[in-house]
Amino acid sequence: MESQTIESLDDRLVNLTRLILASSALIIIYIDPSEPDRLVNITYTALVLYTVHSAIIYLLSVRHQSPLRGAPLHWIDVTWYLVLISLSSGTNSVFFFFFFFAILTASFRSGYRTGMRVTLVSAIIFATIGYLTTQAPIEPNRFLLRAVYLVSIGYLMAYWGGSEITYKRRLALLKDVSRLSNPRFGVDQTIGSIIRKLRDFYDADSCILINRGSATEPHLLRRVDRLHPELANRTDAMGTEGEALLLAWASEVAAIYYNGSSKWRFNRTSCSTYNLVSGVRAKDGDETCAWVADLLDATSFVTVPVYQRETFAGRLYLTSKRIRFTYSDADFLRQVTEHVIPMIDNVRLVDRFASEAFEYERQRISRDIHDSAIQPYIGLKLGLDAIRRKLTDRDPITRSITELADKTSSIIGDLRQYVGGLQQPGASERANILVSSVQSHAEKFGEFYDIRVAVDVHAEITMNDRLAAEVFQIVREGLSNIKRHTASTNAKISMASLNGELLLNIENDRPNGESCDTFTPRSIRERAVALGGRVLVDVAEDARTIVSVVIPL
């Protein structure tokens, strides 16, 4: 699973506890010198050095400085304890109990696997060094009992610590996916972000969501792979054979499959079903699991049903070639789906309301433009034509009247084209609408203000109509700022999509003698922040000013 900075222990408390243990041991063996019984001076020196080491680490943590940056402190503690045991009474040493502190901190800080590693290494090296350094006669009962005791209690500590970290990571994931419920992103982007985070959380090879279609519509499949995370927002139609296989289990059943490499005479392949309603678990020998694993090219997978308003809507899959999924994973995935499906329904509802409101506003604007703008321009053109007919070619104002009438006709044509675009439902949702709008605005901007504007737009950008409108307004604001605040004669607009984000750059040259002072345009920053993005202003080596806007798609 992906490592996250979630810990179950407070560093300052751990470092203080280490200092208390070291200083207490030093004081106790000074008061009761029955131990150590050999190499006394060297043992005292080692314990004093460990106490100083513990004090330094604690003081650094108090000052919020990272002690021994990147170093695993639990392994350093284990090394100190082995030195103390080898210098004192070997397997009978009182310092044996210090190992539990290292196991505890490793388990609750780094999880089950790290805790078990510390446990096994401590037990093996303790038994080895203790056996070699203990003076005869060796007490076999104490020697063996302490090693078994260390492994047993260490296992429990590792299990509890790993469980707590796992639960905290799961809660953090649920909190994280809750933040994705932004209606601006739309349903497809929201679902894509959720399955991407699930794949990252488990460090799986792929996360797949298949939605069951209606009688006349195909099933829809969304998939995010380790090697192709950018495909999370793409929706594909499933063939009949694939959909029948991926939806083969009953609507209340989760399935867990693992096919490890067979060693010796043991076949490690297993397929289990888990009824999420009754809680019944069963080992299923059906070949369906193997067929699905072959279809998904996976060594192991877990699948859970997805419900929408208490109706079976599809299945969620996690696949891997390294991880072995468990019943606990199936339970958690069910909780995730139950948590996010209402959120997605809410996004879909808000998105529909917003689209309807946007469509109504678009139609209202088109009517207002037709009534309040186009009609007066038509009247103006008719008046100009009437004046031109009364004039002769020799009149000095004939040419000016003709040019004014032609410009009026051009404006009427542009307004009618704009109104026609507003009246076409869904036309602004196509990616080329934004591209053509930016190019047209850049061309007219250059004609009016004598500023050459180059446009470089990636062809694969896709976004909904509301986001496209906001991006277009940012472009207009950026060009307007170039006209008002600079003496530039060249500008460039570039847009591209990378890793689920829109990268928009607005550049302008800086003529010789112009001030190098830069500022972040407030209107652009406010729009970008409202869209969940950010703005950065930079000056290139060739004195170009670059306003970079990054907006999540």
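Note that the structure is a prediction, hence the values are computed from the model and not measured.
Every side-chain contact (heavy atoms from CB on, under 4.5 Å) that Ser206 has, sequence neighbours left out, goes to Ile208, Arg223, Asp225, Thr319. Looking at residues two or more places apart in sequence or on another chain, you find a side-chain contact (heavy atoms from CB on, under 4.5 Å) between Ser300 and Tyr258, Ser320, Phe325. Legend: residues meeting salt bridge (Lys or Arg N to Asp or Glu O under 4.0 Å) with Arg315, ordered by chain and number and at least two apart, are absent.
How far CG of Asp538 is from CZ of Arg544: 9.5 Å, rounded to the nearest 0.5 Å. Between the CD atom in Glu477 and the CZ atom in Arg525 there is a gap of 13.0 Å [rounded to 0.5 Å]. To the nearest 0.5 Å, atom CD1 of residue Ile493 and atom CG of residue Asn508 are 9.5 Å apart. Here the straight-line distance linking atom CZ of Arg222 with atom CD1 of Ile195 works out to 7.5 Å at 0.5 Å rounding. In this structure, the separation between CD1 on Ile194 and CG on Leu209 is 9.5 Å, given to the nearest 0.5 Å. Between the CD atom in Glu507 and the OG1 atom in Thr545 there is a gap of 9.5 Å [rounded to 0.5 Å].
Annotation for Trp160: atom CH2 does not count as buried by contact number, only 12 or fewer foreign heavy atoms lying within 6.0 Å. Within 6.0 Å of NZ in Lys492 there are 12 or fewer heavy atoms belonging to other residues, nucleotides or ligands. Other residues, nucleotides and ligands contribute only 12 or fewer heavy atoms inside 6.0 Å of the OH atom of Tyr167.
Using a distance-only test at 3.5 Å, with no hydrogens or angles considered, a donor-acceptor pair links the side chain of Arg322 to the main chain of Asp203. A donor-acceptor pair under 3.5 Å is formed between the side chain of Thr337 and the backbone N or O of Arg334. When atom types are taken as modelled, the side chain of Asn505 and the backbone of Ser494 share no donor-acceptor pair closer than 3.5 angstrom. At least one donor-acceptor pair under 3.5 Å links the side chain of Thr486 to the backbone N or O of Ile482. Thr303 places a side-chain N or O within 3.5 Å of a backbone atom of Leu316 that can act as its donor or acceptor partner. Thr105 places a side-chain N or O within donor-acceptor distance of the main-chain N or O of Ala102, the cut-off being under 3.5 Å.
Side chains of Thr489 and Ile451 form no contact here, defined as non-hydrogen atoms less than 4.5 Å apart. Under the 4.5 Å side-chain criterion, counting only non-hydrogen atoms from C-beta, Tyr58 is not in contact with Arg18. You'll find the side chain of His74 reaches within 4.5 Å of the side chain of Thr114, heavy atoms only. Residues Leu221 and Leu246 are in side-chain contact: their nearest non-hydrogen atoms beyond the backbone lie under 4.5 Å apart. Inter-residue side-chain proximity for Leu198 and Leu333 is flagged as met; some heavy-atom pair is nearer than 4.5 Å. Residues Val438 and Val471 fail the side-chain proximity criterion, which asks for heavy atoms closer than 4.5 Å. Side chains of Asp329 and Ile323 form no contact here, defined as non-hydrogen atoms less than 4.5 Å apart. By the 4.5 Å heavy-atom criterion applied to side chains, Ile56 and Leu60 are counted as neighbours.
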(request) Just do the side-chain hydrogen bond (donor to acceptor under 3.5 Å, both in side chains) check on Ser110 and Arg117 with the steps written out, would you? (result) CA-CA 11 Å; Ser110 302; Arg117 290 192 192 103; over 6 Å; no
(request) Give the C-alpha distance, both sets of side-chain angles, the deciding distance and a yes or no for side chain to side chain contact (heavy atoms under 4.5 Å, CB included) between Asn481 and Ile524. (result) CA-CA 10 Å; Asn481 287 333; Ile524 294 179; 4.0 Å; yes
(request) Check the pair Arg527, Val549 against side chain to side chain contact (heavy atoms under 4.5 Å, CB included), reporting the backbone distance first and the verdict last. (result) CA-CA 10 Å; Arg527 286 184 183 275; Val549 183; over 6 Å; no
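Phe312 and Tyr307 have perpendicular rings, their planes meeting at more than 60° on a 0 to 90° scale where under 30° would count as parallel. Ring orientation note: the planes of Phe332 and Tyr202 are tilted relative to one another, at an angle of 30° to 60°.
Both tests hold for Arg169 against Phe201: distance to the six-membered ring centre under 6.0 Å, angle to the ring axis within 45°.
The two residues Val224 and Arg199 have their closest heavy-atom pair at O-CD, 3.8 Å. Nearest heavy atoms, Leu479 versus Ala491: CD2-CB, 4.5 Å. Residues Ser107 and Ile165 come closest through the heavy atom pair O-CD1, 3.6 Å.
Put simply, the residue from Val457, Val475, Val535 that forms a side chain to side chain contact (heavy atoms under 4.5 Å, CB included) with Leu504 is Val475.
A salt bridge does not link Asp200 to Lys197: none of the charged nitrogens lies less than 4.0 Å from a carboxylate oxygen.
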